[in-house]
Amino acid sequence: MKFKTILINIFLFIILYLISDIIFSRFYFKQSVDHKCYEHTNNGTFYKMKSSCFANMRLISSIDSFKVYTDKNGFRFSGIKRRPKDNNLVFLGDSQTFGVGSDWENTFVGMLESEFEKYNFFNLAVPSYSPTVYKYTLNNFLEKESLSISKIFVLIDLTDVGDEANRWEVINGRPNLKNEKIFYKKSEGFSKFKKENFKGLYLISSKLRSYLRKVKSSKNFNSNEERYKPVNGNPTGGYIYTDHNVLTGCDTIEKKTNWWKCGQIEQGLMKLEKNIINLGSIASQLNSEFYIIIMPWPDTLNFGQTKFNWEKFANNLCEKSNCKKLVNVFPKFKKIKNEEKNWLEKLYLKDDIHLTEEGNRIVADEIKANLF
């Protein structure tokens, strides 16, 4: 009899929870939920973030999942509805600006937003975008939002050179992936019903998955001595410290990677420069101040800029694009690298090029010191 009572209570609890979850999902938590918040378009040749979406996002196996909220236009934000303000700031970039690996409040854009309440911050960055897509994204945003933009920031990352050469091209006025198509599985049937009506269950289960991954990762950390370490070299950013002929295969005898083909580094640099100059022109037409941000990767700090000086390139690009100022985070990161033994763990996420909370804080402080 006692066992039967327990079963009845468990059954009633489940029913009440499911009813409560439906009410919560339908009337309170109105964002869609997904594991990545990506949406593919143009037959898989373009992708963007879904509008009004929430996810515990995990893009890289070596780092923990992180919370992502997108606004009505599909751009990452704090999750708190913005109020109209006279001063609006736009940030353009890829995964570094997006803040891969960090919750919003621990990204440099989120940190600045929390300090400067008189501004609205719009983060238009999406992982693996490049200047070809930044321009398109900015123009689309301006068409949808009739806002006065005070400042436009673009973070040019070392991956932009390879992405401009290998990944993105413009067809009929819009960016397309050159050599791949990306499709994200659409929810249908019961899966769609579950996502729309049992969001509480999703939030709980995603938190549990994140915790279990963290436990598993901590157990395997010391045992996996062969794991990838970007500080020891990265083919996408290796043109900074590796002979270009060897890296790209122009010297076919000693080619070091399949990432590049002969001439692609120069092609990517030229394309990047052209698109950033165009962004500067758009900013000028909007009467917006235009800023460029640069930061090093772990291997850049480890090996230096012996074959290509990214800082000098960015300085010249700032002049050509009429940017108001170059925000150069290289000196601060170099200083920490030279003075602190644990610089790698302090600045970068485990086995990755993306920033820790401390790394993001340094970028935010450098922007604040120069511009606010």
Side-chain angles (χ1 to χ4, degrees), residues 56-69 76-79 89 91 93-117 119 121 123 125 127 153-159 210-211 213-214 217-218 221-222 227-234 237 240 291-305 310-311 314 326-372:
N56 272 315
M57 204 164 178
R58 190 167 186 253
L59 296 178
I60 301 167
S61 60
S62 64
I63 60 179
D64 297 330
S65 59
F66 55 102
K67 297 192 295 290
V68 170
Y69 293 90
R76 191 178 184 189
F77 79 132
S78 65
L89 312 181
F91 284 79
D94 61 1
S95 58
Q96 292 283 21
T97 309
F98 182 83
V100 163
S102 298
D103 292 340
W104 175 260
E105 61 271 18
N106 296 328
T107 66
F108 66 84
V109 181
M111 291 173 179
L112 289 168
E113 182 183 58
S114 68
E115 291 191 52
F116 298 95
E117 295 183 357
Y119 294 95
F121 286 72
N123 187 350
F153 302 85
V154 58
L155 192 156
I156 55 171
D157 196 22
L158 298 180
T159 54
S210 179
Y211 172 75
R213 286 190 193 116
K214 192 178 294 186
S217 177
S218 64
F221 181 75
N222 293 322
R227 65 187 183 277
Y228 169 62
K229 299 177 182 179
V231 69
N232 294 334
N234 190 311
I240 298 295
Y291 298 91
I292 295 174
I293 307 168
I294 59 170
M295 65 178 70
W297 283 2
D299 54 328
T300 315
L301 294 174
N302 198 24
F303 299 117
Q305 302 173 73
W310 190 251
E311 292 174 271
L326 173 70
V327 181
N328 183 1
V329 191
F330 273 70
K332 288 287 178 68
F333 276 35
K334 285 179 184 176
K335 187 173 186 295
I336 292 172
K337 194 263 181 184
N338 291 333
E339 294 179 354
E340 301 185 30
K341 289 184 178 180
N342 69 331
W343 65 273
L344 187 60
E345 293 76 17
K346 182 174 183 176
L347 298 174
Y348 301 98
L349 297 172
K350 183 180 67 177
D351 300 335
D352 195 57
I353 61 170
H354 296 98
L355 302 179
T356 60
E357 181 179 349
E358 180 67 21
N360 275 291
R361 170 53 63 191
I362 293 168
V363 176
D365 287 344
E366 198 67 15
I367 296 172
K368 180 171 65 174
N370 280 280
L371 310 180
F372 291 95

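Here CG of Leu349 is found 8.0 Å from NE2 of His354. Values are rounded to the nearest 0.5 Å. Atom OG of Ser102 sits about 5.0 Å away from atom CG of Asn360, to the nearest 0.5 Å. From Thr300, atom OG1 reaches atom CG of Leu158 across 5.0 Å, with rounding to the nearest 0.5 Å. With rounding to the nearest 0.5 angstrom, the CE atom of Met111 is 10.5 Å from the NZ atom of Lys368. The NZ atom of Lys350 sits 14.0 Å away from the OG1 atom of Thr356 when rounded to the nearest 0.5 Å.
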Open item on the list: Using the rule given for side-chain contact (heavy atoms from CB on, under 4.5 Å), can you reason through Leu347 versus Lys337, listing the C-alpha separation, both sets of side-chain angles and the distance that settles it, and then say yes or no?
Closed with: CA-CA 9 Å; Leu347 298 174; Lys337 194 263 181 184; 5.7 Å; no
Task: Verdict with supporting geometry, Trp297 and Asn302, side-chain hydrogen bond (donor to acceptor under 3.5 Å, both in side chains) - done: CA-CA 9 Å; Trp297 283 2; Asn302 198 24; over 6 Å; no
Open item on the list: side-chain contact (heavy atoms from CB on, under 4.5 Å), that's the test. Do Glu366 and Val363 meet it? Break it down for me.
Closed with: CA-CA 5 Å; Glu366 198 67 15; Val363 176; 5.7 Å; no
TODO: Determine, stepwise, if the pair Arg361 / Glu357 fulfils salt bridge (charged side-chain N to carboxylate O under 4.0 Å, His left out).
DONE: CA-CA 6 Å; Arg361 170 53 63 191; Glu357 181 179 349; over 6 Å; no
TODO: For Phe303 and Ile240, run side-chain contact (heavy atoms from CB on, under 4.5 Å): C-alpha distance rounded to whole Å, both residues' side-chain angles, the deciding distance at 0.1 Å, then the answer.
DONE: CA-CA 9 Å; Phe303 299 117; Ile240 298 295; over 6 Å; no
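Residues Phe153 and Thr97 have side chains not in contact (no heavy-atom distance under 4.5 Å, counting atoms from C-beta outward). Residues Trp104 and Arg76 meet the side-chain proximity criterion, which asks for heavy atoms closer than 4.5 Å. Annotation: side chain of Phe108 is in contact with side chain of Ile367 (closest heavy-atom distance under 4.5 Å). Inter-residue side-chain proximity for Leu301 and Ile336 is flagged as unmet; no heavy-atom pair is nearer than 4.5 Å. Side chains of Asp94 and Thr159 form a contact here, defined as non-hydrogen atoms less than 4.5 Å apart. The closest side-chain heavy-atom distance from Pro296 to Glu311 is not below 4.5 Å. A heavy-atom distance below 4.5 Å is not found between the side chains of Tyr291 and Val154. Under the 4.5 Å side-chain criterion, counting only non-hydrogen atoms from C-beta, Phe121 is in contact with Phe91.
Nearest approach of Thr107 to Gly99, heavy atoms of both residues: CG2-CA, 3.8 Å. Contact record, Leu344 with Pro298: CD1-CB, 3.8 Å, taken as the closest heavy-atom pair. In this structure, Val329 and Ile293 approach most closely via the heavy-atom pair CG2-CG2, 4.5 Å.
Checked against Ile353 for a side chain to side chain contact (heavy atoms under 4.5 Å, CB included), the options Val100, Val231, Asn234 give a single hit: Asn234.
Between Phe98 and Phe66, the ring-plane angle classifies as perpendicular under the 30° and 60° cut-offs. Ring pair Tyr348/Trp343 is perpendicular by interplanar angle, where above 60° counts as perpendicular and below 30° as parallel.
Listed for the Glu358 side chain is no donor-acceptor partner under 3.5 Å among the backbone atoms of Lys346.
For Glu115, the CD atom counts as densely surrounded, since its 6.0 Å shell holds more than 12 non-hydrogen atoms of other residues, nucleotides or ligands.
Within the structure, salt bridge (Lys or Arg N to Asp or Glu O under 4.0 Å) pairs that include any residue of residues 99-113 comprise Lys67-Asp103 (at least two apart or interchain).
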